[in-house]
Structure formats: C-alpha cells, structure tokens
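Each ligand, and each atom within it, is numbered from 1 in the order the structure gives. Numbering of residues begins at 1 and proceeds along the displayed sequence. As a basis for the values below, the full set of heavy atoms in this structure was taken, side chains included, without hydrogen atoms, waters or symmetry mates.
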Amino acid sequence: MHAPIKTVLGFALAGALQALAPCYAAQADAPVSAAKAALLPGDDFFAYANGNWLATTQIPADRGSWSSMAQLAEDTNQRIIKLIEAVQGDKHAGAEARKVSDYYLAFMNEAAIEAKGVEPLRPALKKIGAIADKTELTRMLAATVRADVDPLNATEFHTENIFGLWVAQGLNDPKRNMPYLLQGGLGLPDRVYYLEDNERMHKLRTAYQAHIAAMFKLAGYSDPETRAARVFELERKLALTHASREDSADVMKANNTWTVADFSQKAPGMDWKLFLKYAGLGKQQSFILWHPSAVVGVAALVKECSLDAWKDFLAFHAINTSAGHLPQAYTEQHFDFYGRTLGGTPQMAVRWKRALAAVNDGMPDAVGKLYVSTYFPPEAKAKLQHMVSNIVQAFHVRIDKLDWMAPATRKEAHAKLDALYVGVGYPDKFTSYGPLAVKADDAHGNAERASRLHYQQQLAKLHQPVDSKEWCMPPQLVNAVNMPMQNALNFPAAILQPPFFDPKGPDALNYGAIGSVIGHEISHSFDDTGSQFDSQGRLRDWWTPSDAAHFKTASGALVAQYSAYKPFADLPINGQLTLSENLSDLAGLAASYDAFKAANPQADDRDFFLGYAQSWRGLAREQSLRRQVMTDGHAPSKWRTYTVRNLDAWYKAFNVQPGQQLYLAPEQRVRVW
Ligand SMILES: [Zn+2]
C-alpha cells in the first residue's frame, strides 16, 4: 500500500547487520570464501567494501530490497511502536499522542475491520454508482484530488487520483504560494508499464487487469472482467497523454502557468470551472501545470470515453487505494499484485508494521514529535551542525578554485550557499492535528479524514505567506532532502544515527557516511535542476553561456558514465534520468572529503571511502531493481558507490591501477564542482 517514498536520498536500497552497532572499524568487508579470489577495490569497490555483508545478508521476505537505510528505518519503527504502546497505558498522555495511539489501534483492530467488510467504503461507491452525466462525473473526479505529490523536493510523481496537487512557492515568484497540478490516474507505476512492448510488460499488464477484476469481485460487482477491461483501456489512454519520468524531472518543461480561462481554451472537453470548484480551487486565478499534456488528455477523455468506463475507473481506485484498511481478502489481493507480482516480495509485512506505516501517513508530525522527544539528543544536533558548516565551507573553497567559472556566476553560487537554510532533526513548527477526528474503531475513516485535512491545510497555504523554513520530511524518516525553491535542507533525526552518523564515532566514518549525504544535499543546489534556481529560489538563469557550456559538457560525461552501467543485460541505467542525483553524489563526496581532510590532515583516506561505500550497502530483488532503474531518479546503491572512481584521492588510497574495472584515466574522471 505504501509505495516507498521517492526522496532525494532514495528508495531504501542499501544494507543491515551493523545498524545498531557503531561502525567504528571500517575494514574491507571481504567474504571469507572470496578471500582467495583477492577481490580488488579497483575492480568492484562496492563488493570489496561490503563483501561479507553481501554474502551473509538475505532480503527479508516482506521486502523488495534491503539496505542500511531499511535496517535503520526498521529499528526506528521498533522504538516508535514502544512509544505508542506507552501512550496507551498513560492516563496523562496529551490529546495528540492519544490520537496517534487511537489511529494505530484502529488499524490493529482486525476483528472490527473484518466485521465491517466493505461497508466503510459503501457511501463513496454508492455515489459513484449514481453518477448520471458528465457534470456529476466532473464533480466526482475533482473530489478525489489530494495533495499527494511533490515533484521537486520529495520527488513523488505518482498518484492514482486523476491529478495530484502540490502547493509550494511559485517557480517564477518565490514570494507567493502556487498550486501545481501533476498527472495521475494510473494504477501501474508509470506510463512505460502500459506502453512498452515486451513480454515482461505484457505479463504485468495481464496480471494488473486480473487484479482489477479481483477487486471488483471482492466488492460484489457484476461482470468484473468486463469492468476490468474498461478500466485498463481508460488507463492506457491516460498513459498515452502522460509525460515520461525523464521529462517530469525537467523543471523547464514543467514551468507552464495557466489561468482559469486557459483550461477551457487549451483543454476542451470538461467543465473546468466546475472541476476546480469541487477540487477546492475555485478562487484560484493561476496555476502551474507540471504536466499540461495530461490535463488536455483528461478533458478529452472525459468527453470521449463512456460514463460506464469512468464510473468503473473511480470505483476501482476507491477500492484499490483503501485496500489496506479493508478486510484481509482485499489487503491480500492488493499485496498479491503490488507486492508479489510487481515488487517480487514474497510476504506481506506483519500487521503492526502496516499499522505504523498508516499512522506515519496520516499523522506524520505527531509521530515525529513523540520520536524526537525521546530519541534525539542535543549533542547529535550540535555535532551535525558543525559538520554541515565544515562541508559548506569546503564547497565555498571548491567554488573559488573553479577556473572555468565567471566571476558573476561564482558570486551567485556563494550567495546561494550563504542563504541556505539547514534544518537538523526536526522543524521549528510541527503540523497541527487539532481538527482531525480519530476514532479507535474506524481505520478507513481515520485515513480518509487525515488525507482530507492534509489537503485542506495545503489549500490554506495558497492564502498564506511562503514559509521558507517549512519541512517536507517528518523527523522519523530515514532520509534527507534538498528543497531547491526554498534553498533549504532537511536532515531528519532518524538518519542521524549509526551507521550514518555517530556523534562519538571517528571523523573518517562520519564524513564518509553522513558527510557524503550532507555534501550530496548541498550539491543538489548546484545540480542540473538546482542550478536553475537562484539564491532567492527563483527559476532564473544566472549562468553565463560559457559556464553553462562547461557544465553541460561535464555533466554529459557523467550521463555517459552511468548509461554504460548495466544492472541487467536488457536494462542499462538511464544516465539522464539519474543525472541530478549522480552529480550530487559526485560533488557531495568531493566536498565531504575536503572537509574531512581539512579537519584531519593525517587521517587514513581508506576509512573515509569505506565508510561511504558501507553506508550504501544494499540488495534488491529483480523486480524491485528493475522498477527502480525504470522509475527512480537515483541509481541503485551499488552504482552510486562507484562515484569514487572520479576522485583522485581514491586511486591513491587503494592503489588503483590501469586495467582494473573501475579505473579511469585522469582526463576521463568527471569533475564538475
Ligand atoms: Zn539526492
């Protein structure tokens, strides 16, 4: 149910075992049996650094992939559950903590969920069934829109609702919040799943159609197969109007301001005034259309396709998106398709894990408050802030050393670094759940009300000043993010633990692991997307033509470097799709290395690079890895660690010689920042 959040740090692909043990002693982690094969760091640095872990770790049955991040998230979740359980026995717990506990209990109350059956969904399905014309259809489509996407910060592009809304400052006017409309409506992860012509995709499409039919059957609908075929065909037509994942990441293609009048003019076929009104956007004068082709497409399809097809589409997605809160038969069917078939995961996560995921979805900041009050020591914050200043300083020095950069561009780059907001641990202001009604026996209702409240809170931002210190990640998430328009970074409390960060651990490992993450996030300000925003967060070209040309050549070399990697014989990494992340990995590693050496001139470089590669340890099942390569902006972790081959210091530290797999001649090493 809960797709992995595609964040700036990535799909949780990397490793385990050491998660709670401080990872002081960085050593090459060669598997015992491979010792005689004498694996060289220059041939496969990922395997060299993580060999023993790779040889002894198995992906848990309820996961598509496993990693250091996943293990840390798992340990964090165990702690949170104990906090929630403590609330249950505490008569003095606050109102919000009690809501968290009730939300959790409602999901855990399997007997109540089984007894209710599909009843909680009945009113919505009844309304859909009663749609008599395209006007009512338009209203119902509009009512499904939620604030469940985020194209720039958390890079979440997918929603099963007809569109997704994101509210954030304007691309062209950083002083004003704007509504961004994104494409939606697909039950499969991306348009390529509908359109690519090969056996693997044919099989997935057949399985998806069978899943749609199964959901209809469970909910007691007649002719489930006919309905499934109609829904699939409608989605296939929607997919044809969708932008590719690669184009979605191109902010210049997304910068389309439309007025209300533009909708009727450019996207005929639907009553847009009515749609916007029922989506809660009736008073809004202008919009940014991230995916204008899908807006045009939906309007045309509302006109062209039968009412029956649309009603089946709405009914199926209402059931599909609620499956987690419905009886076991629905949850199991949903997992069978999305988990087993699409993700290759053999087994569903146990109930408490799904319950916690549901609370994290519905009340993320309330859970975060509980977590940081117990688990985020002030010394961790102070130490991390110190590392951040050192790495920012290293970045300043690197900018001054760039011989290709014009003085005016250099000045703005420094200004961007100076204006950077760095959030560590948790936000100054938490989201309030005061208006949220939580009932301990209504799992489905809680989720509905929480997503509606979140939508209302996002809509309200349209009438409020921009808050450049707003966070986009909750403190209990193992991740980190750069927000290019806000010129801000978030490092949630949960990633500030071993093996990423240990306030008492040695600098080599801290800089290799969390330091590279910090450097990565800072560097996003200067990747191919980030560099299009100035120090105020305005989408503005502040580069001279020759600076831009140099940047393009250097990043082109990185595109080629990654496109040559082949996780599967028939599926190489998409160097263009992963460019922003690869640029940030490269610049981030280099800046963290500089900061590490400035603070520890005598230290052993090997520990730094091993700390880096070990923080990215990870394993993935084939389906999961394929999905990541096709739809994620991050390269899989193994190839991320190969970033080291662009740093001269790595060659020296591990005596890497020509002829070894990862060796690049000095002039082939990519140097951007
Ligand atoms: Zn990133």
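The nearest N/O/S atom of E581 to the Zn ion (ligand 1) is OE1. No other N/O/S atom of H520 lies as close to the Zn ion (ligand 1) as NE2 does.
Counting backbone and side-chain atoms alike, H524 contributes an N/O/S atom closer than 2.8 Å to the Zn ion (ligand 1). D527 lies apart from the Zn ion (ligand 1) in this respect, since none of its N, O or S atoms is found at a distance under 2.8 Å.
Of the inter-residue distances, the one linking T345 atom OG1 with I59 atom CD1 reads 8.5 Å to the nearest 0.5 angstrom.
A cation-pi geometry, defined here as NZ or CZ lying under 6.0 Å from the six-membered ring centre and within 45° of its normal, does not hold between R645 and F45.
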- Task: Dump the intermediate steps for ring pair (Phe, Tyr, Trp, His ring centres under 6.0 Å) on Y593 and Y612, then the final yes or no.
- Result: CA-CA 10 Å; Y593 174 77; Y612 172 68; over 10 Å; no
- Let me see the working for N256 and H291 under side chain to side chain donor-acceptor pair (under 3.5 Å), right down to the final yes or no. CA-CA 8 Å; N256 311 288; H291 298 120; over 6 Å; no
